Structure formats: structure tokens, C-alpha cells
Amino acid sequence: MLLIREERRESSDPIGQTLRCSCRTSASERAGQVAGAKAVTTQSRVERRSHREGLAQFGRDGRGSSHPLSVPVRAAVRSPQLSPVGNHAPIRLGRTTARSRGVAIGADELRECPGSDPSAKGSARCRRYHGRVPTRLSQLFVRTLREDPSDAEVTSHRLLVRAGYIRRQAPGIFAWLPLGLRVRRNIERVIREEMDAAGAQEVHFPALLPREPYEQSGRWETYGDGIFRLQDRKGADYLLAPTHEEVFTLLVKDLYNSYKDLPLSIYQIQDKYRDESRPRAGLLRGREFSMKDAYSFDISDEGLEVSYQAQRDAYERIFTRLGLEYVIVSADNGLMGGARSEEFLHPTPIGEDTFVRSAGGYAANVEAFTTVVPPTRSYEKLTPAEVLDTPSTPTIATLVDVANAKHPRPDGRLWTAADTLKNIVLALTHVDGTREVVVVAAPGDREVDMKRAEVAFAPAAVETAEASDFEKHPLLVKGYIGPWSPTGAVLGEDAATGIRYLVDPRVVDGSGWITGANLEGKHVFGLVAGRDFDNDGAVEVAEVKAGDPAPDGSGPVELARGMEIGHVFQLGRFFAETLGLKVLDENGKLVTVTMGSYGIGVTRLLAAIAEHSADDKGLLWPAEVAPFDIHVIATGKDQAAYELAETVAAELEAARFEVLYDDRPKVSPGVKFGDAELLGVPTIVIVGRGAGEGILELWDRRSGERTEVPAAELISRLG
């Protein structure tokens, strides 16, 4: 194991600002700076990196800059071979000649700042500027591990811990180390840029919120055990917010009262808390997680459609910039209704969501998939139902075997599981704590999908019935349950048991089935829906299978696994109506505002990118989110390699690259290379055996290709 620490000071000045410090420079250097400023504005890298560093508009601290873009003066890094910068003594630059973003850096050039007098013009800015140095791996607060953590279930969890990006504090709760925070902030930067471009404005709510807003919406109760509740010293109830719809709505209600104030889109990036019963997979399902949640407020449904599309488009740009494959699928609207709901899923074998898609373009998660209902059939000429002996057939498989052996079909076709109707007993626990037993019927060749059942019966909690539930309903004969018996109807609100009976949409009038006769060892054959039994409604709880027809007619569907990374949702007027968000329209009449909700899991995104980009050697970040642009490695025992590496790292920083410099003198090249592969910076510069001749090795971490490059040409090659 390796412990490495680093202290880094950065200039608080925006990168794009011109440093007007009274440093003394040579005339040739000043000319080089002017030429460099012109060159920089034409560099394609500036355009490519403008989102990342905000060179033209934003500083590193996120503030806008009205100063012209120019090449700031940069000092070499501090090292035993160089003079200290604290006293503003002359600083000797590297021995090689290289071009740093158009600025010629000649051998043995000197740059000075004024003395330590703080009143000297530009001295403070000079001090801040000269404090900008590459991050040294010898000082970086990180510990890389050679072995996988014992609790890691997926690649992202394993590598993020091994590479020192995160550290477990409790189940589903992690500390963020410097490398992890760098990547996280880069992801947040991309999100902020695209949210701002879509016209949204950033706000920030506390994570600790009072009970009252959630009680108004009814979600204080409906959340059940899924949230963290607590009380202050005075006994007042609070929660750690799992989401913020209520407080967003109330904030707008507090400040806006006219149609002239709308449309409005606001967002935040904030930590959320959910009491997951089984936190797993590292950052993919935690108890504390970071989320971007945005909300739009419009006077009309037409306005909501425009706001929704703007956010949806922004999401596509975000995930494209982050290098993540995504599929947009139709999603369930849930209890709050709304006209439209879509999830952005990242296809991955470790995803917790199953979704379906067709070659014709249909895509939906399984909870939102709707069954194509077959046409009803005439049953006038069908033979009467018949109760037959089927001993020892408590399962569908045994029932099919006995049916074919003892009661073959008259037409010679074999009975299959699709000819049977299974009746599953479920127990629903409602919000008020009451427990209800329901029976759902589905074709025998399909299992009940509990996720679909949870959506179908929300907000009630759903589970399979227990022995105590059967004890309360003695007319249910386990293994032989059915809606009918020789003495009359058994299932249904108006039947003998009074138990609600819900059926799969495929159970249409005229369809005939083999199902339980509510007698031990007996089933009824040829029981016809609509003729012999009725139901209390249809319910979508049966599993979706590959080959099922897409509801839009675009062909059969295939199943895939995915991870939800974003969700856009037309909330409509649920929260506005519940919380009283109304404004005056053009006619002076109060109207209810319509809302949209748009979420992205920030920390889940980080894990998804790590999972997607990693290889068998370690992490491998896309350039947009990597913690550093360049990883410089000094190898060998020759001091010349370390001197050249110092200069290369400093000049890369001067060229506005963010540099991680592995300056550890007593660590073998193999260990350094192993750490570089594990940490995942996409571009690596090796300074080693060729240092005496000014030759470097450029290593593309993604392709594995290594190329020798003269030191003087490095920056132009990276261009």
C-alpha cells in the first residue's frame, strides 16, 4: 500500500484574466506573450476546453471575467534546483526550449516579482499566480490499494476505492478524497453549463428540512421507512430530504404571483438521503448521494411542453459530453400523474432496471410497458367447464404434466403453461397500516414481476401473502386457488371470499383456461372468462418477455439491463394544487401553475462513467471529467530525468493543462506505471532514459500506444 500526500495552491484569479503584475520580463518574452495571446485565441483546444475551464467567460472560481483572454505569466515549480517563490526571488525556468501556448520559454530566462511589500502594485496577484504548481503525487492525500476491498460488488466500487477516490464510512455512505472530488466537480461543471445554457438558474436548499411541507403533500406518510426522520431538541420533526419538490414549489409560491413571472426553471445540486434497506454497489445505490434536481414552472401545458423539451435536450448534451451511452425510455408516471415521463438509462449488465426496446424504436422500462390486449372471443359454442382430478399438482409444471398424461386435448395439441391460469395471492400494506389480501391472475407461463406489482399497487407496499394471511381466508386452497368452484364464485369483491380479483390484460372475455377448482387435488378445465367468472379489473404485474409485441406496433421487443442516470417528468399540477401555487393570468384570474421535474444522479453518474470506462488495469476517465489532463512520471535514478520532468510539468501547467506529477524518487517504475493505470488519467508523459537527449515518451492510456516525443514538441503534439 502506498500513502501519498500533496498540498496545492491555485490562483484565485480566473484563468481567463490577464495578469497585470509588475513582474520584470525581457522584451523578447513580452513579445512572446503577445504572440502567444493571439495564438491562444485560435487554438482548437481552447474551444474544446472552453466548457471545462471557461477560458473565455469563466474563471476557475466560476466567476465571469471581462478581461481579454491572454496567456498569463507562469513560474516554474518549486524544487531543490529552483529558487523559492515566497520571497519573490528570481525563478529560473527549465533548460529546454518549448512553446507554452504560443509563449516562447527560452533557456535560463528569469522572471521576477516585486519585493514582499504587499502595497507594491500587482504583488498579491503575482504571489497567487506563482503559487500555481503541478500536483505532486508525493504529497497528494491518497492511498492506492493493491487488493480489492472485500465488500466491493462491482467494478466501479472496487476501482474507486482501490485508486483512492472514495472511502467507506458506513453502509451506503462514503467519504470523498481529493481525486474523487475533482472528478465529481468536473461532472457538476458539465451539468451546470448545460443547465445554464437551457435557461435554468441555480439555487440551493438545505438537506435538513421540516416536516410540514411533506405533511402538506402527504409524503411524510407515504415515504414510509424509506427516509431518515429526526427530531430537534424541542421535539420538532425533521427529515433528511430524499427529494425537494415541496420546498421548490413553496419557494416559487412565496416569491411569484403573476403569469409575467413565468416561465421559470430553477435547479440545485444537493445531497439526498434515503434509508435503503440494502445499500449496494458502492455509489450506485447509497444512503447518501448527490443529485441535480430541476423544476420548471409554467402557466400552461403548452409552456410545460417547451420547458420539458429544453431540459430533455440538455440531458442529451450532458450525457453525450460525459461519454455515456444512453437510451431514453418511457417511464411510469406514478402517483402524481402527469402527461409524460421518461428515463435516461445507461445500458449495462449490472443495471438494476430492466427495459425493453424494439427494432422500430420503441423503448420503455418494464414498469411502464403495456400489454397488447388480444381481441375478445365468442364463447357461445365452447363446451362447459369440467372439474377433473389433478392430484399432486401444486405447481404449473406438474399440472401441465398431469393434464397431458390424464386429460389430453381433443385436438391432439399438447397442453402448455400458457393454457393455464395461475392465481397469486399478494398482501398489500396501505399507508394507513391496514393490510389487504388480493389475488392476481396471470397466464401460467409468466411469473409476477414484483417491480411492476409495486407500481401497480403504489403507494401500498407489496409482498407475497404469508401463512397468517391464508389462515384468515380458509376458502383459499393453496395450490388449487381459482376464481370459481362448483358451488359458485370464490374470488372477487362480491364473491364468497370478498377478496379483490385482478387479472392480466390477456385474460379477455372468451379466453379459456385450466385453473384451480378450490378443491384439493382438482382443477377445472375450460373455464371461460366472461362466461364462468368475472374480475374486479385488469392489472399489469406479469413479467415482460422477449418477443412480446411493442404497444406502438413497432415489432417484438428485446430485454436489456440498464442503470437509471436521469429522469425527466411532467409533474403537471399535483404539487402546485396540493401546496397552493397559483398565479394571476392575463385576465386577473387565479390559475394553478403546471410543473416539470428533472433529475440526474451526480454520484451515480460518476460510478457509471467509472464502470463504463474502466479496463482490466484500472480506471480510465474521459478527458471531460478526468481529475487531471496529464500525468507526468519521472523514472529512473538519473537526476536529469527529474529535472526535465519538473520543467515539463511546469510548462504543461503554463499551457493550461492540469498536471499530476509523479515525483516520488524511491518508487520503482513498475509501481509508478501501475498507479498511473489505476488512477486513470487519459494521457501520461514518461520522463526516463531519454531525458539526457530531451526525449519523452507519450503514453495514450486508452489505446496503450507509446510514442517518443522531443520535449520541445510535447505541447504542440498535445495541442
Side-chain angles (χ1 to χ4, degrees), residues 36 39 43-45 49 74-82 92-109 132-138 140 617-618 620-621 623 626-719:
Q43 290 286 331
S44 61
R45 176 175 288 274
R49 294 164 62 87
R74 291 187 183 267
V77 295
R78 285 181 290 174
S79 74
Q81 291 78 37
L82 303 177
R92 186 175 301 276
L93 293 178
R95 299 181 180 180
T96 61
T97 300
R99 293 202 173 270
S100 175
R101 311 295 289 156
V103 179
I105 301 180
D108 296 330
E109 282 187 17
R132 172 66 185 264
V133 296
T135 298
R136 293 172 178 270
L137 196 50
S138 63
L140 183 65
K617 296 181 174 63
L620 180 47
W621 299 107
F628 296 92
D629 300 314
I630 312 289
H631 187 160
V632 176
I633 302 175
T635 65
K637 299 180 180 180
D638 188 349
Q639 188 61 29
Y642 286 84
E643 292 177 0
L644 179 57
E646 293 272 2
T647 301
V648 166
E651 292 177 353
L652 286 169
E653 281 280 353
R656 298 189 182 95
F657 293 95
E658 290 189 319
V659 179
L660 176 63
Y661 171 35
D662 191 344
D663 61 332
R664 297 171 292 172
K666 296 182 180 180
V667 177
S668 70
V671 171
K672 289 186 176 184
F673 296 156
D675 282 340
E677 290 173 322
L678 181 60
L679 296 180
V681 177
T683 302
I684 303 167
V685 175
I686 303 171
V687 186
R689 287 175 296 183
E693 291 75 40
I695 300 298
L696 313 173
E697 196 171 6
L698 189 59
W699 179 7
D700 185 323
R701 172 72 176 83
R702 189 168 302 279
S703 68
E705 181 181 359
R706 298 193 187 190
T707 308
E708 289 190 346
V709 177
E713 299 177 8
L714 176 62
I715 292 176
S716 62
R717 290 286 293 271
L718 294 171

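Model, not experiment: these values are computed from the prediction.
- Here Leu644 contributes atom CG and Glu646 contributes atom CD; the two are 10.0 Å apart, rounded to the nearest 0.5 Å.
- Pairing each heavy atom of Ala655 with each of Ile715, the nearest pair is CB-CD1, 4.0 Å.
- At least one side-chain heavy atom of Leu698 sits under 4.5 Å from a side-chain heavy atom of Thr683.
- Screening Tyr661, Phe657, Phe628 against Leu652 for a side-chain contact (heavy atoms from CB on, under 4.5 Å) leaves a single residue, Phe657.
- Between Lys672 and Ile686, the closest side-chain pair of non-hydrogen atoms is not below 4.5 Å.
- Here Arg664 pairs with Asp662 in a salt bridge; the nearest charged N to carboxylate O distance falls below 4.0 Å.
- Between Leu714 and Glu651 there is no side-chain heavy-atom pair separated by less than 4.5 Å.
- Glu653 places a side-chain N or O within donor-acceptor distance of the main-chain N or O of Val659, the cut-off being under 3.5 Å.
- Residues Val681 and Arg701 are not in side-chain contact: their nearest non-hydrogen atoms beyond the backbone lie 4.5 Å or more apart.
- Taken to the nearest 0.5 Å, the NE2 atom of His631 stands 6.5 Å off from the CD1 atom of Ile684.
- One finds the CG atom of Leu679 at 10.5 Å from the CD atom of Glu677 (value rounded to the nearest 0.5 Å).
- By the 4.5 Å heavy-atom criterion applied to side chains, Arg689 and Glu697 are not counted as neighbours.
- Closest approach of Ala626 and Pro682 over heavy atoms only: CB-CD, 3.6 Å.
- Nearest approach of Thr635 to Gly688, heavy atoms of both residues: OG1-CA, 3.3 Å.
- Heavy-atom minimum distance, Ala641 versus Ala691: CA-CB, 3.5 Å.
- What you find for Pro710 and Ile695 is that their closest heavy atoms are CA-CD1, 4.0 Å.
- A distance of 8.5 Å separates CG in Leu660 from CD1 in Ile633, rounded to the nearest 0.5 Å.
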